[in-house]
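Below: the structure, in structure tokens.
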Amino acid sequence: MKSILPILTVVAAIFAIWYAFAVILNAPWAYSKAERADKTLSFSEMVSDTMAQDKPLLPAPHQVAVEIWKTTALKNVTSKRSLVYHGWITLQATALGFAFGIGLGIILAVAIVYSRVMDMSVMPWIIASQTVPILAIAPMIVVVLAAMQVDDIVAKGVISMYLSFFPVVVGMVKGLRSPDTMLLDQMKTYSASPSQAFWKLRLPASAPYLFASLKVGVAASLIGAVVAELSLSQNGGLGARLLAGSYYGQTIQIWSALLAAATLAALMVFAISAIEKVTLRRMGMAQ
Amino acid sequence: ADDVTLQLKWVTQAQFAGYYVAQEKGFYGDEDLNVTIKPGGPDVAPAQVIAGGGADVVLDWMPSALASREKGLNLVNIAQPFATSGMMLTCRKDTGITGPEDFAGKTLGVWFFGNEYPFLSWMSQMGLSTDGGDDGVTVLKQGFNVDPLLQGQAACISTMTYNEYWQVIDAGLTEDDLVTFKYEDMGVATLEDGIYVLQENLDDPAFSDKMVRFVRASMKGWKYAEANPDEAADIVLENDASGAQTEKHQQRMMREIAKLTAGSTGELSVEDYERTVETLMKGGSDPVITATPEGAWTHAITDLALK
Amino acid sequence: MTTVIQANNLDLTYQTNDGPVHALKGVDLDINKGDFVSFIGPSGCGKTTFLRAIADLEQPTGGTLTVNGMTPEQARQSRAYGYVFQAAGLYPWRTIGDNIRLPLEIMGYPKSDMAQRVTEVLELVHLEGFEKKFPWQLSGGMQQRASIARALAFDADILLMDEPFGALDEIVRDHLNEQLLELWARTNKTIGFVTHSIPEAVYLSTKIVVMSPRPGRITDIIDSPLPKERPLDIRDTPEFLEIAHRVREGLREGHAYDD
Amino acid sequence: MTTVIQANNLDLTYQTNDGPVHALKGVDLDINKGDFVSFIGPSGCGKTTFLRAIADLEQPTGGTLTVNGMTPEQARQSRAYGYVFQAAGLYPWRTIGDNIRLPLEIMGYPKSDMAQRVTEVLELVHLEGFEKKFPWQLSGGMQQRASIARALAFDADILLMDEPFGALDEIVRDHLNEQLLELWARTNKTIGFVTHSIPEAVYLSTKIVVMSPRPGRITDIIDSPLPKERPLDIRDTPEFLEIAHRVREGLREGHAYDD
Amino acid sequence: MMWILGSLVFWALAVVLNLYLVRNKVAGAGFIVPVLFGITVLVVWEGMVRGFNVSPVLLPPPSWVGVALVSKTHILWQDLVQTFFKGALTGYFIGCGSAVLIAIAIDRSPFLQRGLLPVGNFIAALPIVGLAPIMVMWFGFDWHSKAAVVVAMVFFPMLVNTVQGLQASDHMQRDLMRTYAASYWASLVKLRLPAAMPFIFNGLKISTTLALIGAIVAEFFGSPIKGMGFRISTEVGRLSLDMVWAEITVAAILGSAFYGIVALTEKRLTFWHPSQRKQR
Ligand SMILES: Nc1ncnc2c1ncn2[C@@H]1O[C@H](COP(=O)(O)OP(=O)(O)OP(=O)(O)O)[C@@H](O)[C@H]1O
Ligand SMILES: Nc1ncnc2c1ncn2[C@@H]1O[C@H](COP(=O)(O)OP(=O)(O)OP(=O)(O)O)[C@@H](O)[C@H]1O
Ligand SMILES: Cc1ncc(C[n+]2csc(CCO)c2C)c(N)n1
Ligand SMILES: [Mg+2]
Ligand SMILES: [Mg+2]
């Protein structure tokens with residue numbers, strides 16, 4: 001609650017800057033239009049023009065707001081012109097990719113923690129894998145998976161997984177290794193089996209780390225899903241929307257798709273935080 | 001019904017109206033075909049999709065199809081619904097350009113991703129280098145839209161008569177502000193939007209038969225679209241998954257497209273084919289294709305389909 | 001009288017980046033059933049190392065070491081001992097009760113038995129009513145008591161404790177010392193106990209092992225003549241002070257001021 | 001004899017989620033120049049809180065508190081005291097020498113002066129030769145000594161020490177106790193010292209403040225009749241034991257066993 | 001069939017060898033093991049592509065990629081200069097530098113901190129892919145727009161890490177500063193910044209990969225006719241997959257090297273942090 005006022009202040013400041021930039025960036029076009037029409041513009045005419053261009057370089061916040069309102073509240077959610085519809089499609093792909101990412105990430109993390117060979121041989125390559133530009137290989141993944149008769153949504157999921165498994169691996173490796181030597185020694189004094197040590201000590205100890213990386217991972221998943229939709233635009237989704245907007249220079253549409261994606265990401269992060277709170281409290285780890 | 005998957009070259013728009021019309025009007029169904037139309041996008045290479053088995057038929061531009069053949073992918077043109085090229089270079093008058101001879105020293109926007117071949121041939125025929133030297137032109141890889149022209153980052157950009165040109169107009173520039181150079185008029189036109197399949201599939205009689213029916217139905221779709229442009233545009237909009245296309249733009253596009261398909265029955269004009277090959281081979285030191293292609297087209301399908 | 005722990009010429013050297021560290025050198029020691037043995041010595045003299053070697057948490061590099069006549073590994077696998085670490089080391093995600101239940105779960109005690117044992121040891125350390133609390137809801141002293149309870153919950157004849165009361169204040173410490181003695185008397189366990197405090201060592205033990213560092217070896221083994229029954233004010237008796245004095249002398253000798 | 005620290009009816013209440021915690025209630029205390037005052041009491045009785053209030057690290061919620069006749073804040077800003085925390089709290093990215101140099105840099109001592117002071121205090125705590133080492137390369141005891149050296153390096157009349165020897169073994173502790181007394185005698189600083197150990201409190205202090213918890217208040221103030229010169233074996237004299245007894249009694253009274 | 005069997009046998013041998021190296025703590029295993037793993041991946045890839053006759057327009061065998069790497073060095077180098085040195089590095093330094101400065105500014109004001117961090121996290125969730133076309137519109141098609149995308153990508157991770165780092169010094173360390181009556185700047189320079197180093201480096205490491213990816217991706221939305229992103233997108237269209245993979249290889253090597261350099265610097269500068277010290 002304490003942070004409402006500061007957030008509002010910051011948001012207000014951002015809007016002010018945004019409006020200022022909208023005027024600055026859109027002004028040249030307003031002037032050149034006027035010039036070609038042999039008119040001269042007063043300052044206020046120029047400003048009002050920059051607030052209402054069809055394809056502004058930077059749309060004014062209210063233009064984006066109107067667009068978002070028109071494409072959410074005023075459209076049936078099943079309509080292809082509804083952002084909710086596209087958001088839902090992206091959300092599905094994100095969820096699938098995120099599920100894949102968690103699965104792969106945890107399996108790799110367990111393998112790395114329990115096998116020195118895996119640790120030494122795979123870890124450097126996992127880091128290298130993240131330096132491969134995903135947008136470059138996404139279309140190739142799509143083609144190869146399509147050749148293997150894999151569903152489009154699964155292909156999207158795979159691309160989204162590529163980005164989200166990394167934070168999960170890193171976080172889980174840290175988490176599974178977080179119990180200190182004393183606790184591990186203690187397990188040894190009970191002569192506990194490796195699987196008992198895993199279920200009773202390592203896994204619960206990794207919970208806070210898991211949640212921290214899930215929050216990073218879900219945002220990465222979303223980015224992956226959006227990237228995948230640039231290559232798989234036939235099914236719609238926020239990425240397809242972004243692409244179409246770019247193709248026709250519809251900046252207002254680009255920005256509204258962007259904001260929708262960011263909102264989606266924020267909602268998912270928020271949801272995970274909520275689950276985290278409940279889980280950690282149940283586990284007694286939140287004080 | 002027999003399944004056919006068609007991979008388009010670009011996103012859903014009136015450029016592909018014939019196929020969507022054939023689909024919606026049941027022309028494919030009449031031929032006992034069950035057709036799936038997959039839209040493309042900026043990073044979907046139809047040739048790659050067909051190589052991977054993701055499609056049975058693809059739409060491609062001939063320069064890129066012939067280049068793919070040289071990479072060892074045996075694409076064969078079985079039909080050519082587009083008779084005329086819609087590609088052009090659109091320039092701003094205020095840059096002082098009046099003819100191709102003024103290009104030297106200017107920045108030109110070009111589409112890559114396999115769409116650059118006609119442009120490169122043209123420039124090499126004019127003796128203009130494209131690597132940024134003073135005696136040539138500076139090439140910029142144009143993104144998805146017409147911004148480089150509007151913002152003066154480029155003197156000219158690539159446009160299609162049916163699409164980007166109108167986006168420039170919509171943005172507020174008038175025909176008087178612009179100079180256009182159609183590849184068709186410059187004598188460097190190459191064939192666009194042809195129907196291609198893999199040679200090894202074509203050798204299978206059952207597949208050939210499918211293609212005969214597919215081409216027949218598709219051409220029926222095209223002719224219907226030419227005759228009913230507004231209805232065709234509506235059908236396209238119905239099929240646009242992104243929900244971002246506008247009616248005004250698609251209707252206009254359909255009318256422009258109709259001009260390009262008007263002269264075609266679907267049969268590839270051998271004369272146009274040879275002109276395309278000749279243009280591509282004239283690429284100077286770096287021709288798009290190095291040897292005259294063999295077996296890059298066949299009339300076998302259209303002969304049966306259009307009889 | 002059976003010998004429970006027997007060390008003969010025990011050596012233990014750690015390999016580190018800066019070369020080997022002789023943590024234990026030529027250690028000879030017999031601990032009998034029912035003994036309460038304290039290990040005292042300056043920091044770094046190898047007290048923890050010795051306890052860990054008994055518990056099979058470190059491998060000796062020389063000499064022999066048997067626990068209940070077996071190798072330490074066999075003893076560990078037959079769950080011969082309970083170990084109390086210096087820090088309480090409770091699992092934050094388990095309640096006190098569940099923490100105590102942990103070794104029982106691992107060792108496969110029957111469910112019905114568990115509940116009873118938990119109640120029993122909680123009483124033993126005076127933590128009745130805290131079964132459902134989480135560790136962070138308890139003070140440091142209470143946590144340490146819970147950790148002792150955990151080591152008592154299962155049937156091990158040997159109890160190894162590494163400075164269990166190091167972090168507690170004097171009053172609480174006195175109190176726990178009394179309770180530990182009482183428990184020891186009642187259960188007849190064999191206890192190995194590491195401490196820094198001379199009065200604590202003297203008060204608790206039947207045998208005090210004084211160690212000195214670099215390399216860690218035993219400089220003195222003092223058998224305490226004090227009776228098994230020890231009220232707190234035994235600490236003011238001359239016998240007590242006499243032993244304490246001997247321990248202090250032993251410590252002084254082995255002590256180097258450079259740490 | 002001037003009064004250096006004066007607390008009148010001092011109250012300090014922490015506001016926490018579970019409601020207010022009365023850490024100090026009605027504390028009256030005068031500390032004179034040159035006093036060595038020990039604070040002893042069970043865990044949570046407010047010893048640390050009181051020391052922190054003097055150092056202006058906590059704000060009293062009632063009563064008055066003056067340091068050198070000023071408010072604690074003014075005293076802090078005039079750098080009237082050095083503070084030694086319970087844990088050494090050395091900066092791991094600085095060598096021992098640089099850690100000691102830290103307050104000097106901040107207080108703007110001249111460069112030339114610094115080197116000399118560092119050498120001096122390192123000698124004082126017997127850490128010659130460790131100037132270039134990093135904290136983690138030293139044992140806990142050595143780190144604690146370095147942290148004391150750091151508080152001694154600059155000229156403050158008051159030294160506030162919060163259980164500085166809590167983590168050390170008895171021998172090292174004895175040794176540091178002796179040195180601290182010697183330093184105190186030499187510099188005539190006023191020292192406020194928190195401890196858990198009764199012998200330590202008695203051995204060091206001119207005045208022992210016994211506290212009890214909930215709410216934290218002073219239950220006894222004992223002026224020590226011991227002479228300023230105190231060899232270690234003064235601890236075996238009847239006067240010493242007598243005072244120790246009184247302190248223990250005071251502590252027992254205020255102690256609750258529920259923690 | 002030969003190819004497939006051969007690569008599987010190689011795989012098995014490599015696994016056995018790696019197990020041996022790790023079990024016996026052979027000197028240099030830390031280097032050999034991951035390299036051997038990488039070679040195994042390449043061998044299996046080559047074997048599978050050849051064995052199953054995968055079309056080279058879908059996935060070229062690594063040997064072709066190797067040939068492209070060697071024979072097209074000049075193109076690869078020119079692309080690298082354009083994308084990495086001009087686009088990525090410039091953006092990286094501007095983005096990380098300004099984020100640290102702003103974090104320090106925010107740090108003084110709890111008000112700003114409470115406001116900017118949640119908003120910053122929201123903005124960090126913007127898929128930057130979407131920002132790329134906008135940046136190209138704003139900053140032109142040359143490397144400036146690529147640098148701008150990189151700035152946008154690295155700014156928030158860096159900001160959040162630095163702000164967190166500045167709060168990382170523990171209470172006692174800060175109280176100590178108070179007892180010295182240290183000024184804001186003294187405690188910033190002598191305590192908070194050094195204590196923040198591990199966090200700052202964490203941000204710097206994350207940002208290395210982001211920077212490279214950002215610069216490459218931005219080139220998909222308009223570029224001069226050089227650059228790694230330009231080459232990748234163009235050569236896919238031309239079905240020259242060997243060149244595409246050569247560029248990807250360069251990107252991966254470069255990214256890993258960049259990461260490695262920052263990690264090494266971290267090791268040198270935060271040697272004191274427990275995570276950098278070997279356990280006893
Ligand atoms: N895992 C290890 N690797 C290397 N050296 C070690 C290890 N554990 C202990 N040592 C070294 O062995 C010696 C003995 O250590 P040990 O922990 O047994 O001492 P201690 O008597 O328990 O000391 P303290 O009273 O401080 O706990 C020390 O010099 C220590 O530095
Ligand atoms: N920052 C704080 N916020 C809330 N309560 C606090 C805070 N610091 C201390 N307390 C409470 O105030 C009381 C006195 O604490 P203080 O740390 O002064 O005790 P102490 O005598 O130093 O104890 P110990 O011997 O354990 O160090 C305790 O009940 C403690 O829980
Ligand atoms: C990245 C990119 N590549 C190509 C085009 C050009 N284009 C416009 S319409 C069309 C379809 C041709 O059948 C094509 C290829 C573009 N706009 N953006
Ligand atoms: Mg120890
Ligand atoms: Mg305290």
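In what follows, chains are A, B, ... by sequence order, proteins preceding strands, each numbered from 1.
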Within 45 degrees of the axis of the six-membered ring of E/Phe221 and under 6.0 Å from its centre: does B/Lys141 put its NZ or CZ there? no
Ranked by heavy-atom pairs below 4.5 Å to chain E, first place among B/Thr107, B/Val49, B/Leu73, B/Leu140 goes to B/Leu140
OG on E/Ser233 to CZ on B/Phe113, rounded to 0.5 Å: 7.5 Å
Answer with side chain, backbone, both or neither: which region of B/Glu70 has an atom nearer than 4.5 Å to a non-hydrogen atom of chain E? neither
Heavy-atom count check: over 12 atoms from other residues, nucleotides or ligands less than 6.0 Å from E/Trp11 CH2? no
Distance check, rounded to the nearest 0.5 Å: E/Ser55 atom OG versus B/Lys71 atom NZ? 11.5 Å
Quick check on E/Leu241 against chain B: is it the side chain, the backbone, both or neither that has a heavy atom closer than 4.5 Å? side chain
What is the minimum heavy-atom distance between B/Thr130 and E/Ile225, and which atoms define it? O-CD1, 3.2 Å
How long is the span from the OG atom in B/Ser64 to the CZ atom in E/Arg238, to the nearest 0.5 Å? 10.5 Å
What part of E/Glu235 is in contact with chain B, defined as an atom under 4.5 angstrom from a non-hydrogen atom: side chain, backbone, both or neither? neither
Under 4.5 Å heavy-atom distance to chain B, tell me which part of E/Val136 shows up: side chain, backbone, both or neither. backbone
Please classify the contact between B/Gln153 and chain E as side chain, backbone, both or neither, with a heavy-atom cut-off of under 4.5 Å. both
Here the pair of heavy atoms bringing E/Leu58 nearest to B/Gly52 is CD1-CA, 3.4 Å
Who among E/Val236, E/Thr234, E/Val54 has the most heavy-atom pairs with chain B under 4.5 Å? E/Thr234
Measuring from B/Arg69:CZ to E/Leu239:CG, what's the distance to the nearest 0.5 Å? 13.0 Å
Evaluate the side-chain proximity of B/Gln142 to E/Phe141: yes if any heavy-atom separation is below 4.5 Å, no if none is. no
Hey, which of B/Pro46, B/Ala45, B/Ala51 has the most heavy atom pairs under 4.5 Å with chain E? B/Ala51
